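Heavy-atom basis, side chains included; hydrogens, waters and symmetry copies ignored. Treat the numbers as computed from the prediction; the structure is a model and nothing was measured. For ligands, and for the atoms within them, numbers begin at 1 and follow the listed sequence.
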Amino acid sequence: MAHAVLACGRFRLELGRPLVMGVVNVTPDSFSDGGQYLDPAKAIARARRLIEEGADLLDVGGESSRPGAQGVSADEELRRILPVLRDLRSAPVPVAVDTVKPDVMRAALAEGAAMINDIGALRAPGAVEVVAASDAGVCLMHMQGEPRSMQQSPSYRDVAAEVRAFLEQRAAAAEAAGIARERIVIDPGFGFGKKPAHNLELLRRLGEIASLGYPVLAGLSRKSTLGAITGRPPLEREAASVAAALLAVEGGARIVRVHDVAATKDALAVWSAVRAGVPGNAT
Ligand code: HH2
């Protein structure tokens with residue numbers, strides 16, 4: 001079977017092996033690394049470091065979506081991310097921008113962003129049109145509620161079935177608006193309006209999401225479910241995050257969104273080698 005491909009801007013990413021998306025949070029308040037990379041020079045250095053560590057793509061965000069986050073204006077978001085995007089314009093890997101705002105999407109695409117990563121799955125008025133008018137890839141993520149209140153009382157009758165139905169509907173809306181299928185990635189949105197039990201069930205049943213036929217992106221890195229399991233604070237969750245990334249890939253994810261790129265790459269190299277049956281020659 002031919003390997004799936006993700007078309008995003010000037011890139012075509014082969015999805016025959018799991019890909020690693022490195023997180024660059026240009027924010028003062030992200031849950032695990034808030035404030036560390038708010039200075040553009042520090043964010044750029046971080047991005048370059050993640051590329052050196054083997055990131056297959058980057059995700060640059062200027063607004064935290066942690067539970068309880070208040071949100072920032074489009075102007076402030078752009079002030080944070082544009083210097084980083086400008087510097088990465090000719091980066092060897094695609095740069096995604098993590099935003100829910102059509103104005104931010106438009107400006108980011110004009111600065112060379114190759115992908116829009118939208119935790120709101122292009123539900124903001126005008127968002128689908130902005131992406132459709134570009135050649136960028138898009139990640140459509142499931143979230144119940146909104147960051148300010150999403151962890152207050154998440155509830156589902158069947159979390160995997162509901163997330164699957166939502167993603168199927170949002171992907172159909174994107175395709176209907178003219179976004180080609182090979183530009184679309186779907187994401188169950190671990191931690192977005194979900195209790196630990198919901199996240200674990202989604203991870204166990206990730207194959208049901210993958211069965212929609214779009215590449216699945218999974219973001220479990222450093223998240224609080226891993227803290228609930230290990231009792232560790234965010235910056236001590238690297239091993240747990242690597243384990244979760246491996247489980248996601250085993251469950252059918254094609255892209256994992258992580259803070260700790262080098263460790264995740266090593267773990268996935270082992271996974272790929274076992275899969276390929278040829279040590280040292282994993283593809
Ligand atoms: N998780 C976060 C942010 N964006 N995008 C996708 N597609 N999937 C995710 O799971 C996801 C995401 C939250 O992580 P982080 O960026 O580290 O934190 P914050 O939102 O506090 O900046």
Side-chain angles (χ1 to χ4, degrees), residues 6 8 19-38 43 46-47 50 55 57-72 76-77 80-81 84 94-101 104-105 113 115-123 127 131 136-144 146-148 150-151 163 166-167 170-171 174 184-194 198-199 202-203 206 209 214-227 233-235 237-238 241 244-245 248 253-261 264:
L6 171 63
C8 47
L19 301 184
V20 173
M21 171 185 255
V23 179
V24 182
N25 284 323
V26 198
T27 56
D29 55 347
S30 286
F31 78 93
S32 79
D33 57 4
Q36 281 187 51
Y37 312 110
L38 184 56
R46 170 78 178 160
L50 295 184
L57 58 172
L58 294 177
D59 188 33
V60 175
E63 177 176 54
S64 171
S65 51
R66 74 181 195 292
Q70 286 299 325
V72 296
E76 175 60 17
E77 216 178 311
R80 294 176 184 173
I81 65 170
V84 183
V95 176
V97 168
D98 192 337
T99 188
V100 297
K101 299 188 187 75
V104 175
M105 293 174 189
M115 184 166 177
I116 298 297
N117 172 26
D118 185 356
I119 64 168
L122 301 182
R123 280 178 296 167
V131 175
V138 64
C139 178
L140 305 170
M141 196 197 81
H142 174 274
M143 166 166 55
Q144 187 179 87
E146 52 188 86
R148 203 164 22 82
M150 66 190 178
Q151 290 308 102
V163 167
F166 171 86
L167 293 173
R170 293 311 302 157
I184 298 173
V185 172
I186 56 174
D187 179 344
F190 290 103
F192 286 86
K194 290 154 192 113
H198 296 137
N199 292 316
L202 272 173
L203 188 50
L206 204 57
I209 309 292
Y214 300 91
V216 171
L217 185 151
L220 286 141
S221 186
R222 300 185 182 174
K223 285 190 177 167
S224 64
T225 293
L226 304 179
L235 289 175
R237 294 177 193 160
E238 179 175 305
S241 299
R254 300 290 185 108
I255 305 174
V256 285
R257 180 183 181 279
V258 307
H259 302 83
D260 302 295
V261 168
T264 309

Spell out, as yes or no, whether a donor-acceptor pair under 3.5 Å connects the side chain of Gln144 to the backbone of Lys194.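 The answer is no, because no donor-acceptor pair under 3.5 Å joins these two groups.
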
Is the closest basic N to carboxylate O distance between Glu238 and Arg222 below 4.0 Å?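 No.
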
Can a salt bridge be assigned to the pair Arg257 and Asp98 using a cut-off of 4.0 Å between side-chain N and carboxylate O?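 Yes.
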
Can you name the nearest heavy-atom pair linking Val261 to Gly22, along with the distance?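 Val261 and Gly22 have their closest heavy atoms at CG2-CA, 3.7 Å.
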
After noting the C-alpha distance and the side-chain angles of Glu77 and Thr99, does the key distance pass the side chain to side chain donor-acceptor pair (under 3.5 Å) rule? CA-CA 9 Å; Glu77 216 178 311; Thr99 188; 2.6 Å; yes

For ligand 1, what are the residues with a heavy-atom contact below 4.0 Å?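 Lining ligand 1: Asn25, Ser30, Phe31, Ser64, Ser65, Arg66, Asp98, Asn117, Ile119, Cys139, Met141, Asp187, Phe192, Leu217, Gly219, Lys223, Arg257, His259.
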
Qualifying residues under ring pair (Phe, Tyr, Trp, His ring centres under 6.0 Å), relative to Phe31, sequence neighbours excluded: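 So Phe31 forms no ring pair (Phe, Tyr, Trp, His ring centres under 6.0 Å) with any residue.
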
